[in-house]
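Note that this is a predicted model, so its numbers are computed, not measured.
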Amino acid sequence: EGGAVSFAYEDDTTYRLPLGLFPEKCTPWGGSRLMCASPSEFTDSDYPDSWYKGIFSSNDLLWSIDITGKEARLLANPQAETGRIIDVGYIVKDSTGDSFLLLNKNDMTLWLFSPTY
């Protein structure tokens with residue numbers, strides 16, 4: 001009811017996150033921040049099951065999530081910037097913490113994202 005809801009747990013505290021998120025589409029960024037991919041809204045009523053089954057593909061945006069501040073900041077819209085829809089199936093931070101590797105579930109291509117603040 002009302003769409004996808006996500007929670008984060010840190011130091012025995014539960015935080016409700018501002019977006020519905022999947023673990024595969026997020027990675028720790030430092031402190032209480034996460035880098036996540038998520039569509040702006042969930043339109044499939046069987047989401048997330050249909051996503052895991054490969055029936056539904058999302059059009060992800062890239063977000064900075066502040067767990068403790070309960071804020072989501074839009075960092076990039078890949079479709080607007082590249083003309084391609086990206087459904088992030090996996091995301092990982094590089095060793096410097098400045099860039100992220102994204103696996104596009106649609107065509108299994110690897111993408112590099114270096115956010116500018």
Side-chain angles (χ1 to χ4, degrees):
E1 295 179 31
V5 177
S6 296
F7 296 90
Y9 304 94
E10 181 179 67
D11 299 327
D12 297 327
T13 303
T14 301
Y15 299 95
R16 183 177 175 154
L17 299 177
L19 295 172
L21 302 168
F22 288 0
E24 295 87 351
K25 293 180 176 269
C26 291
T27 192
W29 193 354
S32 64
R33 285 188 310 159
L34 300 172
M35 165 63 73
C36 296
S38 178
S40 59
E41 61 183 49
F42 297 98
T43 57
D44 185 319
S45 62
D46 195 29
Y47 200 72
D49 295 344
S50 59
W51 184 80
Y52 282 114
K53 291 176 185 176
I55 298 168
F56 174 79
S57 179
S58 63
N59 183 1
D60 288 333
L61 305 172
L62 302 177
W63 302 88
S64 170
I65 308 294
D66 181 347
I67 294 170
T68 57
K70 302 176 188 173
E71 295 176 348
R73 189 173 120 216
L74 180 62
L75 298 176
N77 179 337
Q79 183 181 19
E81 295 181 26
T82 69
R84 294 190 52 200
I85 292 174
I86 296 178
D87 180 5
V88 174
Y90 185 75
I91 183 171
V92 64
K93 178 175 63 171
D94 75 353
S95 60
T96 66
D98 296 328
S99 297
F100 298 87
L101 293 173
L102 315 168
L103 180 63
N104 185 355
K105 190 177 167 200
N106 293 330
D107 58 10
M108 302 307 286
T109 55
L110 190 62
W111 291 70
L112 175 68
F113 176 64
S114 299
T116 55
Y117 320 101

Side chains of K25 and S58 only: does a donor on one sit below 3.5 Å from an acceptor on the other?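 The answer is yes; a qualifying pair exists.
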
Main-chain N/O of E81 paired to N77 side chain as donor or acceptor, under 3.5 Å: no

S99 side chain vs K93 backbone, donor-acceptor pair below 3.5 Å: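 Flag not set: sc S99 to bb K93 has no pair under 3.5 Å.
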
Go through the structure and list residues passing side-chain hydrogen bond (donor to acceptor under 3.5 Å, both in side chains) with S6, not counting sequence neighbours.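 Expected list: none.
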
Quick one: side-chain hydrogen bond (donor to acceptor under 3.5 Å, both in side chains) partners of T13, sequence neighbours excluded?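 For T13, no residue satisfies side-chain hydrogen bond (donor to acceptor under 3.5 Å, both in side chains) once neighbours in sequence are set aside.
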
Could you list the donor-acceptor pairs under 3.5 angstrom formed between side-chain atoms of residues 64-71 and any protein atom two or more places apart in sequence or on another chain?
from, atom 1, to, atom 2, distance (Å)
D66, OD1, S32, OG, 3.2
D66, OD1, T68, N, 3.2
D66, OD1, T68, OG1, 3.3
D66, OD1, G69, N, 3.0
T68, OG1, S32, OG, 3.2

Atom of [X], atom of [Y] and distance for their closest heavy-atom approach:
{"X": "L34", "Y": "W29", "answer": "O-CE3, 3.9 Å"}
{"X": "P78", "Y": "D60", "answer": "CD-O, 3.3 Å"}
{"X": "M108", "Y": "K105", "answer": "SD-O, 4.0 Å"}
{"X": "A72", "Y": "W63", "answer": "CB-CE3, 3.9 Å"}

With hydrophobic residues grouped by side-chain heavy-atom distances under 4.5 Å, do L103 and L112 end up in a single group? yes

With clusters defined by side-chain heavy atoms of hydrophobic residues (ILVMFWY) lying less than 4.5 Å apart, directly or transitively, does F22 cluster with F56? yes

Contact list for residues 64-91, test ring-ring contact (aromatic ring centres under 6.0 Å, His included), sequence neighbours left out: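 For residues 64-91: none.
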
Could you walk me through whether L102 and L62 pass the side-chain contact (heavy atoms from CB on, under 4.5 Å) check? CA-CA 10 Å; L102 315 168; L62 302 177; 3.9 Å; yes

Counterpart residues, side chain to side chain contact (heavy atoms under 4.5 Å, CB included), relative to D107 (two or more places apart): R84, N104, T109

Using the ring pair (Phe, Tyr, Trp, His ring centres under 6.0 Å) criterion, which residues pair with F113? Sequence neighbours excluded.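 Testing F113 for ring pair (Phe, Tyr, Trp, His ring centres under 6.0 Å), a comparison that skips the adjacent residues, returns none.
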
